[in-house]
Amino acid sequence: MDNLRPVLYLSFVFLLFLVWQTWNVDYGPQPQVAQGTQEVAGADGAANRDDIPDAALSEAGEAPAGEASDGAGAGQRIHVVTDTLDLYIDTRGGDIVQADLPTYPVSLDQPDKPTTILDAQERAYVAQSGLIHDRVSGIDHSNRAPTHHAIYEAPATEFRLKDGQDVLEVPLTWENDEGIRVTKTYTFRRGEFLVDVSHRVENASDTAWTGRQYRQLRHGPTPERDSWFLYTFTGAAYYDGGYRKEELESLAEKVESKELQGGWIALIEHYFLSTWVPESGEKNLLYTREVGTPEAPRYIIGLRSEARTVAPGGSGEFDTRIWIGPKLQEPLSGIAEGLELTVDYGLFTFLSKPLFWMLDLIHSLVGNWGWSIIFLTLLIKLAFYKLSATSYRSMAKMRAVQPKMMALKERFGDDKQRMNQALMELYKKEKINPLGGCLPILVQIPVFIALYWVLLESVELRQAPWILWIQDLSVRDPFFVLPILMGVSMLAQQKLNPAPMDPVQQKIMMALPPVFTVFFAFFPAGLVLYWLVNNLLSIAQQYYITRRLQAEGYDTGKKAAKGD
C-alpha cells in the first residue's frame, strides 16, 4: 500500500471542488439573454395580461371574470430618493421599475455609479404588486381593482428624503366610476432597504368589494456570469418552511403552485436581492409563470393573498413589505424566518453561519475585514492544533524513515506484494500510522469549504479594504502578489513533507503550487489571504513539530543509523 497516495488525493480535494461547481453550472446549453426592453404586446398593441394571477372564484357565484379596464396610455415615472435607495416607480401599476443603491457603488473605480438591482430596461427586472377582484356571480367586477397595468395618479414626479426627515411616503391613487378608490402607498425609512407597501381600498359603491393582493417579481433570462472561476447563484428563491431556490429558466416548470403560511419570495444574485415579505402568519398562494415570447421570455414568481371583503361605505387595507438591497444577514434574519438563508452558504451552512458570526465579531473589535480574516484563520488553526499536530508528526516521522522506504523499493523492485508487506512491518516497527497525516486533514476540509463560502458570499467584504494595494477583498489582487506568495508557501510546505516514492506522483505534487497559483490569481483577495495565512501557520507548526521530533531522535540520519 502506497501510504502517500491519500495525501496526494487530499491535495486535489479543493481544486476538484472548484472545477466541479463550475462544470455543474456550465454543463448543458446556456440561456441566451434577450435584447430589447419593451413589454410584449398583442395584436392590438396593448400589453398582454397573462402576467396577472388568476382571480379566485367567490362562494357567491360562478360567473366568469371580465378583463379589468386598466386605463389607456403609458405611465409616468416617479423619482424617489432616500439615503439608501434611488428608484423609479411607474404610475402604470405602481411598479418599481428601477432601483439603485447609492451606498453600494459598482466598483471602487466608479464610486459615483451605484449598483442597480431592479432594472426594467436591461434585464426586464421589475417588482410588481396590485389587486384583483374575485369572480362574483351577478356582478360586473371588471375595473373594480387596479392590477399592475392600471394607471395611478401621483401628486408629484419626485420625492426626496430631506435632512432631518426619517420617513418618506409616496402615495399613488386609482379610482373607478363606481366610487371605488385605491391608494397605493410606499413608505421609506431612513437607513433602511425595507419598504412598506399598502393598498387601501375605500368602497363608495353600492356593492361589496371582494379582492386579493398579489405581489410578484419579474425577470428576463439569466445574465451571463462575470467569472468562470467563481460561481454564485442567480435566480428565484422562496421559503415554505424550508429554503428553496430555482433557476429562472426552469422556474415555471419545477415550482408548482402551493399554499404558504407566512414565507416569502425573492430574486437573488451574488450580493443583492429583492424580496416580497407578507405580514407574519398571512396565508398566500405561491405561483410561477413564464410569459412573453420565445425570443424575449419573462419569468415570474409571486404571492396572492386570501380574499378580503370591503362593505359598501367601508374601507380595508392590504399591507406587505419589500426589501431591495444587499444580503445583510442580521437585518434579514429579523424580517422573516429563513430570509438570511439567501446568503447561500450551501451544504455547510451549519458551519458557515457560526464562522461568519465569529468573523463579524472580530471585525467589530479590529474594524478591518482583512485583519479579521487573519485573526479568524489563527483561531481556526488553534482549534485544530491537536489534529494538525498529529498530522504533521506523522508526516515528519514518514520523512525520517524515507531512506529506509527507498531502500525497500530498491530491494523489492516491482514486487508490490512483498513491498507492501515490508512497508507494513516498517510502519509497525517505527510506530507510524500511514493514514495519520491524512485523516486530520480530512476532518478540516468541511470547515475550510464553509469558510470559503463565507468569504465568497458575504456582502460585508464587498469593496472592503485591507492594507496597501488591497483595497477590495472581494476582487482579485490587482498585482497578483498574494497568489504568488500563496504558491511559494505551498512549495515550502511540500519541502517539509515526505516526497512520494512514485516519480509520477512527485511530478504531480510539484505541479500543484503553480496550478493553484493560477487558479487563485482570479479569486477574491480575501480568499487568497486566508489560504496564504493558513499555509504560513501550517509551515510554522510543521517546522516546530519537526524540530521536536529531531530532538527526540527522529533525525533522518540518526534514526536510520540506529535502526540499521
Side-chain angles (χ1 to χ4, degrees), residues 2-26 225-231 370 373-374 377 380-381 388 391-392 395-396 398-399 402 406 437-438 440-442 444-445 447-449 451-453 455-456 466-470 472-543 546:
D2 189 346
N3 59 288
L4 290 176
R5 189 167 297 174
V7 178
L8 177 62
Y9 292 159
L10 290 176
S11 300
F12 274 111
V13 166
F14 183 64
L15 182 61
L16 292 178
F17 164 72
L18 298 174
V19 173
W20 170 81
Q21 72 170 8
T22 51
W23 170 256
N24 189 51
V25 175
D26 290 334
R225 286 187 293 146
D226 294 332
S227 170
W228 185 87
F229 289 92
L230 297 173
Y231 167 69
I373 291 172
I374 292 174
T377 307
I380 293 175
K381 201 66 182 174
S388 299
S391 174
Y392 297 147
M395 286 190 286
M398 292 287 292
R399 186 181 183 187
Q402 196 165 27
M406 296 301 295
C438 306
I441 298 176
L442 187 63
Q444 298 177 57
I445 286 176
V447 176
F448 172 77
I449 295 177
L451 185 58
Y452 163 85
W453 282 113
L455 300 180
L456 182 64
W466 179 37
I467 57 173
L468 301 176
W469 73 98
I470 303 296
D472 187 348
L473 289 166
S474 68
V475 300
R476 65 175 177 83
D477 182 338
F479 302 113
F480 305 109
V481 175
L482 289 179
I484 292 174
L485 292 176
M486 187 275 302
V488 172
S489 69
M490 287 189 67
L491 190 61
Q493 266 191 299
Q494 286 189 359
K495 298 298 183 182
L496 294 174
N497 295 332
M501 292 188 295
D502 187 346
V504 176
Q505 290 187 16
Q506 289 182 15
K507 292 179 180 179
I508 293 176
M509 293 296 289
M510 289 300 295
L512 282 179
V515 168
F516 269 73
T517 299
V518 172
F519 262 85
F520 275 65
F522 299 94
F523 279 19
L527 285 173
V528 186
L529 177 62
Y530 163 74
W531 189 282
L532 171 61
V533 174
N534 184 71
N535 283 355
L536 294 177
L537 293 174
S538 298
I539 290 171
Q541 185 181 8
Q542 195 167 355
Y543 179 77
T546 301

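Side chains are part of it too, since the values below use all heavy atoms of this structure and drop only hydrogens, waters and symmetry mates. Predicted model, so just to flag it, every value in this text is computed and none were measured.
- Annotation: side chain to side chain donor-acceptor pair (under 3.5 Å) contacts of T377 (sequence neighbours excluded): none.
- To the nearest 0.5 angstrom, Y530 atom OH is 14.0 Å from F523 atom CZ.
- With sequence neighbours excluded, the residues forming a side-chain contact (heavy atoms from CB on, under 4.5 Å) with L485 are V481, L532, listed by chain and number.
- Here the CD1-CG distance, from I449 to L456, works out to 13.0 Å after rounding to the nearest 0.5 Å.
- Nearest heavy atom pair, residue G487 against residue T517, reads CA-OG1, 3.1 Å.
- Rounded to the nearest 0.5 angstrom, K381 NZ and N534 CG are separated by 4.5 Å.
- In this structure, M490 CE and I539 CD1 are separated by 10.0 Å, a value rounded to the nearest 0.5 Å.
- Between I374 and W466, the shortest heavy-atom contact is CD1-CZ2, 3.6 Å.
- The two residues G370 and L473 come nearest to each other via the heavy atoms N-CD1, 3.4 Å.
- Judged by distance alone, the side chain of D477 and the main-chain N or O of L482 form a donor-acceptor pair under 3.5 Å.
- Nearest heavy atom pair, residue G526 against residue L455, reads O-CD1, 3.7 Å.
- The shortest heavy-atom contact between P483 and A521 is CG-CA, 3.6 Å.
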